[in-house]
Protein chains: 2
Amino acid sequence: MEIIRSNFKDNLNKVYEAIEEADFLAIDGEFSGISDGPSVSTLTNGFDTPEERYQKLKKHSMDFLLFQFGLCSFKYDHTEAKYIMKSFNFYIFPKPFNRSSPDVKFVCQSSSIDFLANQGFDFNKVFRNGIPYLNQEEERQLREQYDERRSQANGAGTLSYISPNATKCPVTIPEDQKKFIERVVEQIEDLIQNEENKNLQLEPCTGLHFTVCCRYPKGIHVETLETEKKERYIVISKVDEEERKRREQQKQAKEQEELSDAVGFSRVIHAIANSGKLVVGHNMLLDVMHTIHQFYCPLPEVSGLVSLQVIYKILLDTKLMASTQPFKEIINNTSLAELEKRLKEIPFNPPEVESAEGFPSYDTASEQLHEAGYDAYITGLCFISMANYLGSFLSPPKNHVSARSKLIEPFFNKNSQICKLSPYWR
Amino acid sequence: MEIIRSNFKDNLNKVYEAIEEADFLAIDGEFSGISDGPSVSTLTNGFDTPEERYQKLKKHSMDFLLFQFGLCSFKYDHTEAKYIMKSFNFYIFPKPFNRSSPDVKFVCQSSSIDFLANQGFDFNKVFRNGIPYLNQEEERQLREQYDERRSQANGAGTLSYISPNATKCPVTIPEDQKKFIERVVEQIEDLIQNEENKNLQLEPCTGLHFTVCCRYPKGIHVETLETEKKERYIVISKVDEEERKRREQQKQAKEQEELSDAVGFSRVIHAIANSGKLVVGHNMLLDVMHTIHQFYCPLPEVSGLVSLQVIYKILLDTKLMASTQPFKEIINNTSLAELEKRLKEIPFNPPEVESAEGFPSYDTASEQLHEAGYDAYITGLCFISMANYLGSFLSPPKNHVSARSKLIEPFFNKNSQICKLSPYWR
């Protein structure tokens with residue numbers, strides 16, 4: 001299922017449900033580039049220690065953008081003895097949320113872009129329709145902005161016990177604006193006196209909003225609106241107390257929604273993190289690092305301090321699994337496409353997997369490799385084949401080994417050998 | 001006219017013709033971003049000296065990609081008393097040419113991308129179908145690579161006077177490859193002896209090509225080919241001298257074409273430069289700097305050393321022109337869209353301009369602002385209106401002032417106040 005900005009909110013509950021019900025999740029990312037320094041092969045296939053590799057990727061890969069995120073949920077149906085799969089393909093872009101939101105710069109590597117272009121990647125879906133996101137710090141800042149505005153409004157509210165005509169006001173008005181504001185106050189007096197007029201439209205002006213709220217805490221509603229051309233103006237209208245409260249509540253609900261929209265795709269990552277479910281990936285170190293960096297918080301400077309489990313509690317890398325006993329001896333090529341083919345042949349069994357109702361199915365025969373949703377899907381297939389193979393060593397042998405089985409625990413969190421849990425990360 | 005990679009070669013002569021016949025040219029560029037540091041407005045609308053501005057743009061703007069280039073040629077038809085216009089909208093992308101070609105990294109600024117997305121910009125045309133380019137240094141390097149290969153082949157050719165069975169060969173074969181090469185030589189002997197076999201297919205191997213050429217300068221054609229999967233292999237075939245020469249010529253022609261393809265869009269810039277025609281732009285400093293940086297050579301570190309005229313001999317900036325006497329007093333807003341509207345009104349006259357046959361026409365009523373071809377077009381309109389207005393001061397007044405008129409010379413190269421001609425640039 002393809003998820004872009006316009007259908008994100010409508011499908012978010014489907015995503016949450018898929019995560020909630022899953023036995024395990026598979027993920028994959030597509031990036032605007034891999035390396036701004038050493039060649040890609042040096043960076044990804046070297047004989048580095050995990051720590052060296054982490055440092056290199058942190059230094060040379062984090063300025064690129066993760067702009068497509070594949071998520072595939074797998075739920076085992078015991079009655080039918082098969083997995084039910086739901087796959088999501090998210091397009092992601094850091095669309096600036098408002099004037100004060102971060103204007104993200106990211107790097108593109110022409111060879112990576114060209115590679116994706118040859119696979120038929122749709123860049124318009126990213127740049128025109130990508131889902132925005134905020135990391136935790138950006139979300140906190142935006143929430144603070146809203147809270148500040150609200151407490152300002154509430155502060156004015158407490159003055160409602162003072163006479164509406166009180167002239168003492170705690171805000172200091174700059175000298176050069178006093179005349180303008182006095183003129184506005186006159187206009188407001190007119191508005192209040194004159195029964196025919198219902199509201200008054202003004203240009204925005206520093207201090208004006210607050211002054212008006214102080215002097216007329218009751219019976220007046222002040223609102224800053226934006227034209228279609230993003231020009232801001234103030235509207236003052238006569239309202240009774242009930243209407244004023246209703247409008248305030250409406251405004252607050254709207255702000256809450258705007259905040260949610262801005263957090264955007266990060267909500268999916270939070271849901272995965274909170275689920276505590278097993279998350280499977282293929283050669284997933286870069287995917288996990290990008291996910292933390294982009295949707296969570298900056299990666300720490302000093303290696304050994306990072307727990308990749310900060311967002312994914314249980315990780316399993318199918319490339320590492322295929323390179324470990326008992327698979328190592330019978331699997332030659334651990335590239336995703338080759339591994340998927342190998343794991344359909346003896347001694348492995350092709351896994352029984354079906355798309356959930358209303359979800360598109362992928363055909364492994366007509367490879368859609370390097371679409372993130374598809375890559376996540378076949379990564380899941382690889383995991384199921386390898387997990388089930390481990391069941392053949394049991395007596396009596398088992399055809400199905402669940403994602404919760406003790407048999408697969410030895411393969412958990414091998415990528416995070418580099419990551420000693422530390423007080424820095426919780 | 002929209003020009004992408006697939007129709008570039010077929011339309012290049014049309015572009016050359018348009019440049020050749022033009023009275024003047026108008027240009028505009030669209031970029032993947034403007035500033036990686038200060039806010040865009042600080043960078044472009046500051047009260048900096050030209051030199052400070054150059055330094056800021058050089059530092060904060062050059063890592064972005066110029067990915068759409070608009071070129072509009074204007075030719076005055078004296079009989080009809082109107083301009084004939086040809087507009088080209090080029091999509092540009094540094095698609096890597098081969099394994100050893102530069103893998104360009106460029107930065108994207110999300111606010112700029114979002115802005116273009118809102119204008120309906122087609123990013124797929126850039127990233128899937130953009131025309132490649134090389135700067136002068138990259139072109140030189142690629143030409144050298146080809147020359148080296150050719151001189152190697154020619155070097156072998158001069159040995160043709162030596163007996164074909166000469167065992168002395170000027171190339172030193174590494175110890176560990178000697179056996180392999182001896183085996184290949186045996187296979188070639190077989191090929192030559194046996195009338196049934198016509199050619200022999202081998203894996204590539206260092207030194208092999210040269211050895212074979214030395215030992216069998218005549219009657220043998222050695223060629224390195226690539227499979228569809230870009231795996232290289234060597235084919236040795238029996239040919240007579242005539243056939244060998246024909247193949248060499250064929251190969252050389254193919255190389256020449258590959259080189260031209262790789263130079264790509266830079267050929268258009270070279271043609272503009274060589275024409276020496278007046279080039280008009282609106283607020284064009286950034287466009288000109290990007291054009292030099294991307295298609296010509298790196299901008300010099302030290303300011304005051306650069307002549308923007310290195311590629312465009314005569315530059316005229318319509319924003320600067322509109323801000324100068326006698327326009328300054330009667331034009332309030334010099335933004336491109338506003339200027340275009342103003343220059344249709346009294347005391348100005350909307351210029352008579354028509355699209356050439358076979359070229360699409362732009363409608364200024366349904367603004368397609370921020371498509372480079374359209375922006376170049378209305379920049380040209382602005383120039384014509386202002387130039388013609390200068391004719392009203394003549395006695396008797398003139399309705400048409402040509403791009404070659406002395407009247408407009410005072411507005412030439414005002415952007416290049418920063419650029420003292422120096423020995424560094426010619």
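It should be emphasised that the depicted structure is a prediction, and the values quoted were computed from it without experimental measurement. So you know, we letter chains A, B, ... as the sequences are listed, proteins then strands, and number each from 1.
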Handout entry: Per-residue contact mode, N129(A) against chain B (heavy atom under 4.5 angstrom)
Key = neither
Among [options], which residue has the highest count of heavy-atom pairs closer than 4.5 Å to chain A?
| options | result |
| --- | --- |
| S32(B), G120(B), S101(B) | G120(B) |
| N124(B), V126(B), V104(B) | N124(B) |
| V107(B), D63(B), L65(B) | V107(B) |

Practice task
Identify the residues of residues 108-118 of chain B whose heavy atoms come closer than 4.5 Å to a heavy atom of chain A, ordered by number, or report 'none'.
Solution key: C108(B), Q109(B), S110(B), S111(B), I113(B), D114(B), A117(B), N118(B)
Handout entry: Heavy-atom contact with chain A under 4.5 Å, split by part of F93(B)
Key = side chain
Practice task
Could you tell me which portion of D122(B) (side chain, backbone, both or neither) has an atom closer than 4.5 angstrom to a non-hydrogen atom of chain A?
Solution key: both
Practice task
Examine F127(B) together with F127(A) and report whether their ring centres are nearer than 6.0 Å.
Solution key: yes
Handout entry: Distance in Å, R128(B) CZ paired with F121(A) CZ, rounded so as to fall on 0.5 Å steps
Key = 9.5 Å
